[in-house]
Amino acid sequence: MFDAKFVRNNVDAVRAGVAAKGESLTLDNFLALDEGRRQKVTAVEQLKAERNQKSEEVAELRRQGQDTTLLQENMKALGQEVKELDAEIKEIEQRLEHILLRIPNLPDSDVPVGPDESHNKVRSLHLLPRQFAFAPKAHWDLGVALDILDFERAGKIAGARFAIYRGLGARLMRSLISFMLNLHTTEHGYVEVAPPLLVTYDNMVGTGQFPKFTEDAFKIAGQELYLNPTAEVPVTNMHRDEVLDGMQLPLYYTAYCPSFRAEAGAAGRDTRGLIRMHQFNKVELVKFVRPEHSSAELETLLADACQVLERLAIPYRILEMCTGDLGFAAAKKYDIELWMPSYNRYVEISSCSNFRDFQARRANIKFRPQKGAKAEYVHTLNGSGLAIDRLVAAILENYQEDNGSVRLPEALIPFMGIEKITN
RNA sequence: GGAGAGAUGGCUGAGUGGUUGAAAGCGCCCGCCUCGAAAGCGGGUGAACGGUUACCCGUUCCGUGAGUUCAAAUCUCACUCUCUCCGCCA
């Protein structure tokens with residue numbers, strides 16, 4: 001979110017940034033409301049100054065034992081006027097905030113310009129897709145045949161877009177969680193957290209999901225609580241309304257969280273398998289950093305996420321997202337995509353984003369650069385490190401053998417206690 | 001779920017409806033002292049918004065929201081959260 005003053009003073013830049021993201025906002029209404037607000041604020045503040053002054057007079061006259069009824073009568077009208085103006089201002093401010101909360105973050109200047117995903121830039125390729133000497137199976141077939149995935153029974157429990165992990169499948173998921181959390185905590189310097197999975201409306205606003213994308217979230221009936229769509233929400237909001245000690249920055253957090261998405265706009269897409277589910281598992285990376293470091297921190301965040309795929313030896317590529325594919329809150333974003341034989345293409349496994357101070361403003365997260373210095377907004381970043389269900393799918397598909405068994409990546413063997421999943 | 005206590009600045013903690021943006025202490029910053037430091041002494045030290053932007057001026061903010069009043073941190077109501085005890089439970 002931007003503050004009104006910034007928008008007022010940088011109308012053209014904001015318009016251009018919004019347009020680059022493929023949205024349109026005239027801001028004319030905003031500017032008119034903003035101008036009207038300032039006029040009313042100036043007016044009401046004069047009245048309030050008068051009220052304060054007269055109130056002091058009342059106090060003074062009373063001390064002298066004089067009658068103040070006449071003065072008090074005059075004050076009533078003044079008080080009423082103030083009340084009405086305050087109400088008008090409040091209404092205008094609500095409308096201004098309504099607009100401000102819906103202005104997307106502006107792209108960094110080095111982000112490739114383009115309307116949609118077709119303009120994303122491939123930054124690098126890592127390992128080449130394996131050439132199969134047999135017809136590779138999709139993970140939903142492999143997993144069911146190996147009796148480690150069960151979609152049918154998951155449907156009995158919760159309907160479509162859910163999965164049951166079973167036996168070695170459940171152990172594989174647990175192994176991936178441990179493997180990734182261990183990697184990030186012991187080698188990359190992240191602090192592991194296990195946050196609440198239900199979050200308030202304000203939390204969702206803080207990270208930018210709300211108010212624009214309420215239909216993507218699951219709401220708890222009768223309560224103002226939502227199932228978290230990504231650990232980004234609870235972990236970033238941990239520090240909401242705080243002034244962090246500048247000496248403690250940067251803060252690195254990693255969290256494993258089940259995550260929940262309504263997938264409102266995805267009816268009929270990726271209906272099979274583990275790729276797009278209402279409930280999925282993810283290890284997330286979140287950083288709170290000084291503004292001058294956030295660009296460099298995005299690069300190391302990306303590297304930390306890629307390290308998982310390096311260790312698992314799965315083919316992947318890194319995409320630099322263009323302006324039209326940045327999403328609402330990001331100023332710059334990389335996607336990591338891994339090779340999925342059943343799709344015969346790369347599939348997203350992680351998004352690593354720099355939000356600059358966009359989320360920090362919404363969630364009111366500041367830091368004090370030095371003792372005694374004025375507090376400033378921090379920069380926040382996050383990325384999946386990585387999405388677990390898609391990783392399971394990719395391991396099954398990329399490591400499958402012609403007899404339907406699946407070898408395990410070296411790095412997972414200590415966690416699994418076996419080298420191969422067979423029937 | 002029942003009963004009680006509480007919520008004030010970076011922290012601790014005073015506060016009788018009327019110079020209380022808020023005592024005091026801690027912390028922090030500047031100065032004096034010192035070779036330097038500590039101690040001591042003196043001064044300063046919240047945020048947001050608006051007007052001017054050199055300085056400065058005004059308004060708002062004492063958990064949140066409403067109300068009473070000429071005037072609310074202080075009175076009333078609702079809500080949220082924290083703590084203690086009981087009940088329940090993993």
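Source: prediction; values computed, not measured. Side chains included, hydrogens not; waters and symmetry mates left out as well; all remaining heavy atoms used.
For the pair A:Asp86 CG and B:rG65 C1', the computed distance is 15 Å after rounding to whole Å. One can place CD of A:Glu50 at 16 Å from P of B:rC70, the figure rounded to the nearest angstrom. Rounded to an integer number of Å, the gap from A:Leu61 CG to B:rC70 C1' is 12 Å. One interatomic measurement links the two molecules: CE of A:Met247 to C1' of B:rG27, which rounds to 16 Å at whole-angstrom precision. Protein atom NZ of A:Lys48 is 17 Å distant from nucleotide atom P of B:rC70, rounded to whole Å. Atom pair A:Asp245:CG and B:rC11:P shows a separation of 13 Å (rounding to whole Å applied). At whole-Å resolution of the value, CZ in A:Arg368 and C1' in B:rC29 are 12 Å apart. We find that CZ of A:Phe6 is positioned 19 Å from C1' of B:rA48, with the value rounded to whole Å.
B:rG42: Watson-Crick or G-U partner is B:rC30, with both key distances under 3.5 Å. Across all strands shown, nothing is found opposite B:rU53 as a Watson-Crick or G-U wobble partner with both distances under 3.5 Å. As the counterpart of B:rU80, B:rA7 is assigned, both hydrogen-bonding distances of the Watson-Crick or G-U wobble pattern falling under 3.5 Å. B:rG1 is paired with B:rC86 under the Watson-Crick or G-U wobble criterion, all donor-acceptor distances under 3.5 Å. Base pairing of B:rU60: its partner is B:rA47, meeting the Watson-Crick or G-U wobble criterion (both donor-acceptor distances under 3.5 Å). In a base pair of the Watson-Crick type (N1 to N3 plus N6-O4 or O6-N4) or a G-U wobble (N1-O2 and O6-N3), with each distance short of 3.5 Å, B:rC75 is matched with B:rG67.
A:Lys48 and A:Asp86 are joined by a salt bridge, as a carboxylate oxygen and a charged side-chain nitrogen come within less than 4.0 angstrom of each other.
Side-chain N/O atoms of A:Gln307 and A:Glu187 include no donor and acceptor closer than 3.5 Å. Donor-acceptor pairing under 3.5 Å is lacking for the side chains of A:Tyr253 and A:Glu284. Of the N and O atoms on the side chains of A:Asp304 and A:Tyr252, not one donor lies less than 3.5 Å from an acceptor on the other residue.
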Tabulate atom names and distances for all N/O pairs under 3.5 angstrom spanning the protein and nucleotides 50-52 of chain B.
from, atom 1, to, atom 2, distance (Å)
B:rG50, OP1, A:Arg8, NH1, 3.3
B:rG50, OP1, A:Arg8, NH2, 3.0
B:rG50, OP1, A:Arg37, NH2, 3.4
B:rG50, O2', A:Thr42, OG1, 3.4
B:rG51, OP1, A:Arg38, NH1, 3.3

Where do N or O atoms of nucleotides 55-57 of chain B meet protein N or O atoms at under 3.5 Å, pair by pair?
none

Collect all protein-nucleotide pairs involving nucleotides 17-21 of chain B in which both atoms are nitrogen or oxygen and the distance is under 3.5 Å.
from, atom 1, to, atom 2, distance (Å)
B:rG18, O2', A:Arg63, NH2, 3.3
B:rG18, O6, A:Arg62, NH1, 2.7
B:rG18, N2, A:Ser55, O, 3.2

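Using bins of under 30°, 30° to 60° and over 60° for the plane-to-plane angle, the ring pair A:Phe358/A:Phe328 lands in the perpendicular bin. A:Phe210 and A:Tyr201 have tilted rings, their planes meeting at an angle from 30° to 60° on a 0 to 90° scale. Between A:Phe6 and A:Phe2, the ring planes are parallel. Angles under 30° get that label, and only those over 60° would be called perpendicular.
Rounded to the nearest Å, the gap between the C1' atom of B:rA14 and that of B:rU20 is 12 Å. B:rC35 sits 31 Å from B:rC26 when the C1' atoms are compared, rounded to a whole Å. Separating the C1' atom of B:rG50 from that of B:rA37 is a span of 46 Å, rounded to the nearest Å. For the C1' atoms, the distance linking B:rC28 with B:rC86 amounts to 45 Å, nearest Å. A gap of 16 Å separates the P atoms of B:rU76 and B:rA72, to the nearest Å. With C1' as the reference atom, B:rC11 and B:rU59 are 28 Å apart, rounded to whole Å. Straight-line distance between the C1' atoms of B:rU34 and B:rU16: roughly 48 Å, to the nearest whole Å. Here, B:rG27 and B:rG63 have their P atoms 26 Å apart, quoted to the whole Å.
A pairwise comparison of heavy atoms in A:Ser353 and A:Lys333 identifies OG-CD, 3.2 Å as the closest pair. When all heavy atoms of A:Arg276 and A:Glu263 are compared, the closest pair comes out as NH1-OE1, 3.3 Å.
Partner of A:Cys352 under the side-chain contact (heavy atoms from CB on, under 4.5 Å) criterion, out of A:Leu381, A:Leu285, A:Leu302: A:Leu302 alone. For the pairing with A:Glu23, the salt bridge (charged side-chain N to carboxylate O under 4.0 Å, His left out) check across A:Arg102, A:Lys212, A:Arg15 returns one residue only, A:Lys212.
Residues A:Pro104 and A:Val18 meet the side-chain proximity criterion, which asks for heavy atoms closer than 4.5 Å. Contact check for A:Pro291 versus A:Phe367: side-chain heavy atoms found under the 4.5 Å cut-off.
Judged by the 6.0 Å distance and 45° axis criteria, A:Arg123 is positioned over the aromatic ring of A:Tyr334.
Comparing B:rA48, B:rC70, B:rU60 by their closest approach to the side chain of A:Lys366 singles out B:rA48.
Along RNA chain B, the nucleotide nearest A:Asn52 and the nucleotide nearest A:Lys83 are compared for position; the residue whose nucleotide lies closer to the 5' end is A:Asn52. Each of A:Ala49 and A:Lys90 was matched to the nucleotide of RNA chain B holding its nearest heavy atom; the match closer to the 5' end belongs to A:Ala49.
Phosphate contact (OP1/OP2 of B:rU60, side-chain N/O of A:Arg51, threshold under 4.0 Å): present.
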